[in-house]
Protein chains: 2
Amino acid sequence: MEHRMEQIKKQLHAQSYKLTPQREATVRVLLEREEDHLSAEEIYLLVKELAPEIGLATVYRTLELLSELKIVDKINFGDGVSRYDLRKEGAEHFHHHLVCIECGSVEEIVEDLLEDVEKIVESDWGFQVKDHRLTFHGLCKQCQKASVQTATS
Amino acid sequence: MEHRMEQIKKQLHAQSYKLTPQREATVRVLLEREEDHLSAEEIYLLVKELAPEIGLATVYRTLELLSELKIVDKINFGDGVSRYDLRKEGAEHFHHHLVCIECGSVEEIVEDLLEDVEKIVESDWGFQVKDHRLTFHGLCKQCQKASVQTATS
DNA sequence: GTTCATGCAAAGCTTTTGCATACAA
DNA sequence: TTGTATGCAAAAGCTTTGCATGAAC
């Protein structure tokens with residue numbers, strides 16, 4: 001079994017949860033589609049390909065479990081569905097996102113750009129930061145090009 | 001009529017929308033509770049005190065309209081409901097939030113702490129930033145004190 | 001055999017929509 | 001009067017829950 005799956009299995013066992021076939025299939029989908037930001041429904045459909053008998057409720061329960069264990073982060077880009085994002089290995093903080101308001105694409109920023117800002121928040125506001133959510137909304141490279149072309153054509 | 005309400009009225013008229021009594025009551029609630037982060041349901045209950053005949057659907061429609069005009073920002077702290085936050089006068093960007101994971105309190109940071117980070121995102125990722133969402137999760141001052149007391153008592 | 005996990009269906013919530021009515025330019 | 005806005009109720013999502021069944025130790 002791959003390194004990452006093995007690691008997650010240990011995390012589950014450490015809290016006396018089992019890595020059932022359904023949970024494994026769900027994690028596998030999340031690993032395979034690590035760059036995406038899948039909704040529960042999308043994950044469900046992909047998991048069904050690996051484990052056709054699985055129910056949507058189990059996917060929700062698994063995702064909730066993985067959230068609690070901080071293996072995945074639940075995120076909401078404002079379109080009414082929750083999306084689930086695997087934490088990068090060893091990452092303490094949730095990574096950042098660039099959401100294009102034109103084409104809807106989502107890019108990830110793994111670098112932590114908020115270290116300085118968090119120091120300011122802790123010293124000036126007395127707030128002890130545990131985690132963060134940072135999303136930029138704007139135009140991705142492609143859509144910037146497209147809008148320049150439209151403007152000049 | 002107060003300055004801010006008058007201003008919003010003009011913004012509506014500029015797009016040929018009317019400031020109906022229902023919309024005015026909704027805006028009034030948002031102004032009165034500017035520091036809070038009310039859900040549609042909470043806003044509805046407060047608006048009912050000013051305009052008892054109003055329907056929940058109208059509140060939703062008004063909030064959607066105000067969102068489009070960038071008079072309010074819709075935000076989601078992950079508890080399954082959307083919350084609506086009046087933009088500060090003249091603010092270009094949405095302000096930041098400090099959400100306490102212990103007591104659930106939400107504090108606002110009006111200062112824009114992301115100017116440097118946005119420059120990096122634009123230059124290093126080629127992403128043209130239009131707006132952002134930044135929320136810190138952690139312990140507020142009060143809850144930090146409380147947890148120290150608990151630990152030492 | 002006891003506990004934990006699953007699948008299915010039903011229920012629960014928030015939010016949106018259809019439609020007839022009321023209002024305003 | 002012509003289009004916009006509203007209220008109500010129904011519908012439409014997404015997510016959670018109850019419960020009986022099944023698997024694991």
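None of the values given here were measured: they were computed from a predicted structure. To find a chain, count down the sequence lines: A is the first, B the second, and so on, and within it residues start at 1.
- Checked against the 6.0 Å centroid criterion, the rings of B/His137 and B/Phe77 do not qualify as a close aromatic pair.
- If B/Tyr44 and B/Ser16 are placed on DNA chain D by their nearest nucleotide, the residue sitting closer to the 5' end is B/Ser16.
- Contact between the side-chain N/O atoms of A/Thr20 and the OP1/OP2 oxygens of C/dA5 is not found at any separation under 4.0 Å.
- Note on A/Glu2 versus A/Arg28: salt bridge recorded, some NZ/NE/NH1/NH2 to OD/OE distance being below 4.0 Å.
- One atom, CZ of B/Arg23, and another, C1' of D/dA5, lie 6 Å apart when rounded to the nearest Å.
- Regarding B/His13, its NE2 atom lies at a distance of 14 Å from the P atom of D/dT4, rounded to whole Å.
- Note on residues 68-78 of chain A: pairs passing salt bridge (charged side-chain N to carboxylate O under 4.0 Å, His left out), not counting sequence neighbours, are A/Asp73-A/Arg87, A/Asp73-A/Arg133.
- Protein atom CG of B/Leu56 is 9 Å distant from nucleotide atom P of C/dT15, rounded to whole Å.
- Rounded to whole Å, the distance from CG on B/Leu45 to C1' on C/dT14 is 14 Å.
- The stretch residues 49-63 of chain B participates, sequence neighbours left out, in no side chain to side chain donor-acceptor pair (under 3.5 Å) pair at all.
- Atom P of nucleotide D/dC14 and atom OH of A/Tyr60 are separated by 7 Å, given to the nearest angstrom.
- Between A/Leu65 atom CG and C/dT6 atom P there is a gap of 9 Å when expressed in whole angstrom units.
- At a threshold of 4.0 Å, the pair B/Lys9-B/Glu24 does not count as salt-bridged, since none of the basic side-chain nitrogens sits closer than that to a carboxylate oxygen.
- The A/Ile54 side chain lies nearest to C/dG7 when the options are C/dT14, C/dA5, C/dG7.
- Relative to the side chain of B/Lys74, the nucleotides C/dT16, C/dA9, C/dT14 differ in distance, and C/dT16 lies closest.
- Using a 4.0 Å heavy-atom criterion, one finds that A/Arg61 contacts the bases of the nucleic acid, with or without backbone contacts as well.
- The nearest whole Å value for the distance from the CD atom in B/Gln22 to the P atom in C/dA22 is 14 Å.
- One finds a salt bridge joining A/Glu34 and A/Arg4 here, because a Lys/Arg side-chain nitrogen approaches an Asp/Glu carboxylate oxygen to under 4.0 Å.
- Backbone-only engagement by B/Ser82 is indicated by non-hydrogen atom pairs under 4.0 Å involving sugar-phosphate atoms exclusively.
- At the heavy-atom level, A/Glu53 lies under 4.0 Å from the strands shown only through sugar-phosphate atoms.
- Rounded to whole angstrom, the span from the CG atom of A/Asp79 across to the P atom of C/dT14 amounts to 19 Å.
- In plain terms, the two heavy atoms of A/Gln144 and A/Leu139 that are nearest each other are NE2-O, 2.9 Å.
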Identify the pairs formed between an N or O of the protein and an N or O of nucleotides 20-25 of chain D at a distance under 3.5 Å, and give each distance.
none

